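Data first, discussion second: the structure below is written as structure tokens.
As the structure is a computational prediction, the values presented were derived from the model and not from experiment. By convention here, the first residue in the shown sequence is residue 1.
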Amino acid sequence: MMRLFAIFVALFCLLYSCSARSKQMEFEFVASAPEFEAATSEYRSIWASQGDRIVEALGRYSGVQIPDRRVRIIVFEGTSNSGRSGGPLRLRASYFEPVKRATLSHELLHRYLDEVPDLGVCYPEIHDIMAVILFELWSELWGA
């Protein structure tokens, strides 16, 4: 039953359309240590070249906009996480560039989905919902 609910919510998100522009969002990329400065620069470069496309697609596929207009991103060596709304995103430094793109969009999608009313009731299944959205998003942005 929960899986069916997760699929329903994912389809709702795919059908409901809205958009946000990354130019309206301010990302502050911070290396947690000097050895992560190159990785931080690579994340900055991804955002500069593809941020508009990522944010537009996330808004369209999730059906919501995140309230955060300023997002702090800490690049470190550990498990990436969204930090939930208001907190800093944390992104793993050692990923290859394509995985950095995927991780950035994955963690941002968590924040978008935090804004879907009543979605918290199925939070254990959130990655089932995200898989549907991210497949479409990644296929559109970088090919299947």
Report task. Say whether Val99 and Trp138 are linked into one hydrophobic cluster, either directly or through other cluster members, by side-chain heavy-atom distances under 4.5 angstrom. Result -> yes
Query raised in the report: Is the closest side-chain heavy-atom distance between Glu125 and Ile129 below 4.5 Å?
Result: no
Query raised in the report: Which residues pass the side-chain contact (heavy atoms from CB on, under 4.5 Å) test with Ala48, sequence neighbours left out?
Result: none
Query raised in the report: Are Phe29 and Phe76 joined in one hydrophobic group, where the rule is that I, L, V, M, F, W and Y side chains link up if heavy atoms are under 4.5 Å apart?
Result: no
**Report entry** Interatomic distance, Ile73 atom CD1 to Arg90 atom CZ [nearest 0.5 angstrom]
**Finding:** 12.0 Å
Query raised in the report: Can you hop from Ile74 to Trp47 via hydrophobic side chains spaced under 4.5 Å?
Result: no
**Report entry** Non-neighbouring partners of Arg44 that pass side chain to side chain donor-acceptor pair (under 3.5 Å), sequence neighbours left out
**Finding:** Glu37
Report summary line: On a heavy-atom basis, the closest approach of Leu89 and Ser82 is CD1-O, 3.5 Å
Report task. Please work out which of the three classes, parallel, tilted or perpendicular, describes the rings of His110 and His106, given edges at 30° and 60°. Result -> perpendicular
**Report entry** side chain to side chain donor-acceptor pair (under 3.5 Å) partners of Glu115, counting only residues at least two apart
**Finding:** Ser85
Requested in this report: For the pair Leu91 and Leu104, evaluate side-chain contact (heavy atoms from CB on, under 4.5 Å) and give the outcome as yes or no after the intermediate values.
Outcome: CA-CA 7 Å; Leu91 300 175; Leu104 177 58; 3.9 Å; yes
**Report entry** Donor on one side chain, acceptor on other, Glu140 and Tyr61, under 3.5 Å
**Finding:** yes
Query raised in the report: Does Leu58 belong to the same Ile/Leu/Val/Met/Phe/Trp/Tyr cluster as Trp142, with side-chain heavy atoms less than 4.5 Å apart forming each link?
Result: yes
**Report entry** side-chain contact (heavy atoms from CB on, under 4.5 Å) partners for Ser45, two or more places apart
**Finding:** none
Report summary line: side chain to side chain donor-acceptor pair (under 3.5 Å) filter on Glu107, not counting sequence neighbours, yields none
Query raised in the report: For the side chain of Lys100 and the backbone of Ala93, is there at least one donor-acceptor N/O pair under 3.5 Å apart?
Result: yes
Query raised in the report: Would Glu26 and Arg69 pass as an ion pair if we require N to O under 4.0 Å?
Result: no
Query raised in the report: Under the 3.5 angstrom rule, does the side chain of Arg53 hit a backbone N or O of Leu141 as a donor-acceptor pair?
Result: yes
Query raised in the report: Given the rule that I, L, V, M, F, W and Y join up when any side-chain heavy atoms are under 4.5 Å apart, are Ile46 and Val55 in one cluster?
Result: yes
Query - Verdict with supporting geometry, Tyr95 and Thr103, side-chain contact (heavy atoms from CB on, under 4.5 Å) - result: CA-CA 9 Å; Tyr95 288 145; Thr103 301; 3.4 Å; yes
Query raised in the report: Are Leu109 and Ile133 close enough, and set up right, to give a side-chain contact (heavy atoms from CB on, under 4.5 Å), and what steps lead you there?
Result: CA-CA 9 Å; Leu109 179 57; Ile133 295 170; 3.8 Å; yes
Report summary line: Looking only at heavy atoms, the pair that brings Ser62 and Val116 closest together is O-CG2, 4.4 Å
Query raised in the report: What are the two closest non-hydrogen atoms of Ser139 and Phe135, and how far apart are they?
Result: OG-O, 2.7 Å
**Report entry** side-chain contact (heavy atoms from CB on, under 4.5 Å) assessment of Ile126 paired with Met130
**Finding:** CA-CA 6 Å; Ile126 198 71; Met130 291 178 67; 4.2 Å; yes
Query raised in the report: Within the side chain of Ser80, is there an N or O that forms a donor-acceptor pair under 3.5 Å with the backbone of Arg92?
Result: yes
Query raised in the report: What residues, two or more places apart in sequence or in another chain, satisfy side chain to side chain donor-acceptor pair (under 3.5 Å) together with Ser94?
Result: Glu77
Query raised in the report: Between Pro88 and Asn81, what is the shortest heavy-atom contact and its length?
Result: O-OD1, 4.5 Å
